[in-house]
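The residues of the chain are indexed from 1 along the displayed sequence.
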Amino acid sequence: MVDRDKDWEFHLRSLSATARDSNFSADPASDPNLLPSVRKLYELCKSEESEDLVARVYPQINKIFQRLVASVSQSRTSNGLLFLAILQFFLDFGEIVLHDADPSLRTFFRSCLSREFADPVVAKATLDFLIWNKKKILTSFPTLLPQFFPLLLKLIAWNGEKLEKSFLKVFPGLISPGSFLPLFPSVLDLPILVVALEKVERSSGPLIGSSIASIQKSTAPEMLLALMDEAYTGSTIGDGGGDSESEDSNAIDVADPLFFDLLKDENDGLAERHWTSPGIAAALQAAINTPQSDRLKQSLNMAPRVLDMYFAIALRDVNNSLICALLPLIMTRNATIFPDKIFSYEVRKRLLEFMLAAFQRSPDFIALLKKPIMDRLAEAYDSTAKTELALQLCWAIGEHGGGGASHGDAARELFESLELLLYENLSSSRLGLRQESALSSDGATFRKSSQSRLLCFVVTAIAKLATYHRELLPRARVSLAKVARSRMSDARVWRRAHDYLGLMNEPAICLSVLGPSRPSHGHMQNPGTVNWSEGSKKMIAHIPFYILGEQEGLPFHDFSFSDILPRRR
């Protein structure tokens with residue numbers, strides 16, 4: 001007991017002396033005894049469970065905190081661990097001393113973490129702090145992590161895979177109604193964030209100890225002068241003078257709008273990503289032509305895994321309004337992804353899987369988003385990524401009946417877009433990437449295969465949509481007949497059109513094969529079953545459908561199913 005009291009008095013005097021000592025006024029963290037004293041006093045308060053002890057310690061700790069905040073911009077010592085130790089005291093004993101920890105937490109993010117996120121020790125300690133206090137933070141300060149998610153993404157982008165497990169434990173707390181949409185492009189652009197951070201390090205020195213956000217704010221006048229200089233002299237903003245021909249000359253320009261959006265510390269809403277800007281185009285080209293850094297490689301590995309968690313949380317916890325708003329973003333960003341082959345494949349696979357899962361959960365989205373969907377169908381020729389997106393959208397339109405039975409007008413407009421896409425491809429071989437006019441024989445083969453695949457999807461979507469909305473059947477027969485009569489080199493397309501035309505002559509089987517698998521008009525239509533209601537009694541039979549397989553022309557049988565069912569009298 002006596003030893004404990006001695007420790008108590010010693011550490012309390014240490015805090016008091018540091019708070020008064022002018023030698024440490026400009027840099028309290030430079031006192032090597034301060035952090036151990038704060039931690040020891042916290043442990044004693046925790047073990048003793050004495051409100052009197054907490055009340056005695058709090059004033060000294062609060063003075064240290066205020067001095068840290070005032071000196072952080074001039075400090076040459078890492079303040080992160082000391083900040084976190086004091087914040088832990090505020091979180092655990094704030095109710096006793098009537099201290100609201102919310103402003104203190106936000107001050108830590110803005111003043112300290114924005115300068116020390118690149119310090120691996122501070123980064124790990126911050127994630128451990130957030131994990132340890134996760135429940136309390138999410139309950140008492142639910143807007144804190146969603147507000148500072150850009151800063152936490154900078155932390156993980158710079159420190160890499162060694163902190164990925166800890167970051168993923170914190171990640172669900174970053175998602176809220178106000179951060180859900182802005183978080184998506186930020187996660188998707190994690191590799192570009194690494195490129196931007198490495199640009200800052202090369203041009204401005206180590207990231208630890210300097211606030212990128214303050215650099216951005218303070219450079220506004222200089223940027224205006226640089227723009228004037230560029231107009232009169234032709235020099236580029238951020239030129240390195242005589243060293244402008246260095247390997248860094250193709251990196252992101254500090255005046256580029258995306259540069260500011262990428263390196264922000266706080267969530268300020270969904271911002272347009274300027275992927276067509278010259279600075280970003282140069283950065284992407286440089287990323288392709290130069291060896292990738294270890295940080296960039298790690299971000300390319302991490303981003304798809306973070307997206308997995310983002311989409312899982314979205315499907316589980318996020319309301320339909322936000323998911324519906326996210327889908328057009330996914331459609332737009334599907335073609336603008338960091339140009340690494342493996343990364344692009346992994347990300348696009350996840351984007352399309354989530355999009356189809358969202359349509360499966362809420363088919364109404366197809367009708368609500370008919371305009372962006374039709375826009376994406378019109379872009380099916382521009383690139384392989386846009387072609388694949390169009391394929392999946394065609395499948396979704398047909399599978400879910402253009403949004404359902406209550407969305408007949410939307411289904412008709414989507415049907416017209418499918419018709420247009422079909423007729424354009426019948427008349428030419430437009431699919432094949434306009435920008436790649438000079439293709440090898442392998443490229444030409446791939447183009448024809450892509451066109452045939454697209455047409456198969458379109459033909460199927462037309463047939464399924466007309467089966468769901470029967471008023472479209474006459475138009476569907478005309479479209480399919482044109483395909484069946486066309487002289488396409490790929491027999492798969494016109495054979496499929498032949499088969500669907502034959503199916504449409506037997507409405508019951510057509511509904512079984514091409515009809516919806518979701519509840520329709522009060523009953524469930526299971527794929528592969530036929531509902532017979534025209535016979536002497538109602539029954540359901542499973543019909544093996546091989547009638548039209550590998551057959552050309554009219555079906556080989558000369559009877560209809562009505563011939564083998566007794567007529568009602």
Side-chain angles (χ1 to χ4, degrees), residues 11 15 18 27-46 57 61-62 64-69 71-73 75-94 101-138 140-141 144-145 147-174 197 206-213 265-266 295 298 302 306:
H11 293 297
L15 254 64
T18 301
D27 195 358
S30 62
D31 181 355
N33 299 317
L34 187 55
L35 179 58
S37 294
V38 171
R39 287 176 171 171
K40 186 62 177 179
L41 289 171
Y42 167 79
E43 292 171 3
L44 289 170
C45 290
K46 198 75 172 175
V57 174
I61 284 188
N62 194 39
I64 297 296
F65 183 81
Q66 299 304 327
R67 184 167 287 188
L68 275 174
V69 174
S71 64
V72 69
S73 59
S75 176
R76 296 184 179 181
T77 309
S78 175
N79 297 282
L81 298 183
L82 183 55
F83 261 107
L84 291 170
I86 295 175
L87 288 173
Q88 190 66 61
F89 184 92
F90 289 161
L91 282 177
D92 287 348
F93 305 117
D102 185 59
S104 302
L105 289 165
R106 295 177 189 276
T107 298
F108 164 72
F109 278 96
R110 291 191 180 106
S111 300
C112 179
L113 192 61
S114 64
R115 299 173 181 274
E116 299 186 24
F117 70 87
D119 186 330
V121 176
V122 175
K124 183 179 184 305
T126 300
L127 292 178
D128 291 342
F129 171 83
L130 294 175
I131 293 170
W132 179 260
N133 299 284
K134 182 177 179 180
K135 184 177 181 180
K136 185 176 296 184
I137 290 174
L138 294 181
S140 303
F141 319 108
L144 177 71
L145 297 183
Q147 179 178 345
F148 290 98
F149 81 76
L151 181 54
L152 293 172
L153 285 177
K154 284 160 63 173
L155 181 151
I156 190 61
W158 192 255
N159 291 280
E161 291 177 308
K162 61 181 177 291
L163 296 181
E164 181 183 356
K165 289 184 179 179
S166 297
F167 176 76
L168 289 178
K169 293 178 182 179
V170 174
F171 183 77
L174 275 57
L197 290 171
L207 299 181
I208 302 175
S210 61
S211 173
I212 297 176
D265 289 335
E266 299 183 43
R295 283 194 181 91
Q298 291 183 44
M302 288 190 297
V306 178

So how far is it from Gln88 CD to Glu43 CD, rounded to the nearest 0.5 Å? 11.0 Å

Would you say the ring centroid of Phe65 lies under 6.0 angstrom from that of Phe83? yes

Spacing of Leu151 atom CG and Phe109 atom CZ [to the nearest 0.5 Å]: 7.0 Å

Euclidean distance, Arg39 CZ relative to Leu41 CG, rounded to 0.5 Å: 13.0 Å

Could you check whether any side-chain heavy atom of Leu84 comes within less than 4.5 Å of a side-chain heavy atom of Phe108, counting everything from C-beta outward? yes

Under the criterion side chain to side chain contact (heavy atoms under 4.5 Å, CB included), which of Leu127, Val170, Asp119, Val122 is the partner of Leu155? Leu127

Closest approach of Leu163 to Ala123 (non-hydrogen atoms, all atoms of both residues): CD1-CB, 3.8 Å

Spacing of CD1 belonging to Ile61 relative to SG belonging to Cys45, to within rounding of 0.5 Å: 7.0 Å

Could you tell me whether a side-chain N or O of Lys46 sits under 3.5 Å from a main-chain N or O of Asp92, the two making a donor and an acceptor? no

Pro36 vs Lys40 side-chain heavy atoms within contact, under 4.5 Å: no

Do the non-hydrogen side-chain atoms of Phe90 and Leu105 ever get within less than 4.5 Å of each other? no

So, the side chain of Asp128 versus the backbone of Ser166: is there a donor-acceptor pair under 3.5 Å, distance only? no

Minimum-distance pair of heavy atoms, taken over all atoms of Asn159 and Phe117: ND2-O, 2.9 Å

Does any non-hydrogen side-chain atom of Phe129 lie less than 4.5 Å from one of Leu91? yes

Residues that Glu266 engages under side-chain hydrogen bond (donor to acceptor under 3.5 Å, both in side chains), provided they are two or more places apart: Arg110, Gln147

Can you confirm whether Lys154 sits close enough to Ser114 that some side-chain heavy atom of one is under 4.5 Å from a side-chain heavy atom of the other? no

Exercise: identify the closest heavy-atom pair between Gly160 and Gln298: CA-OE1, 3.3 Å

Got a sec: does the NZ of Lys134 have more than 12 other heavy atoms crowding it under 6.0 Å? yes

Minimum side-chain heavy-atom gap Val57-Leu44 below 4.5 Å: no

Take atom NZ in Lys169; do more than 12 heavy atoms of anything else shown fall under 6.0 Å from it? no

Could you tell me if the side chain of Leu152 sits less than 4.5 Å from the side chain of Leu113, heavy atoms only? yes

Rounding to 0.5 Å, atoms CG (Leu153) and CG (Leu197) come to a distance of 10.5 Å

In short, Leu81 meets Leu35 closest at the heavy-atom pair O-CD1, 3.8 Å

Testing the basics here: between Cys112 and Val72, what is the closest heavy-atom pair and its distance to 0.1 Å? CA-CG2, 4.4 Å

Do Leu82 and Thr77 have side-chain heavy atoms sitting under 4.5 Å apart? no

Distance in Å, Thr107 OG1 paired with Leu87 CG, rounded so as to fall on 0.5 Å steps: 9.0 Å

Would you say the side-chain atoms of Glu116 pair up with the backbone N or O of Asn79, donor to acceptor, closer than 3.5 Å? yes

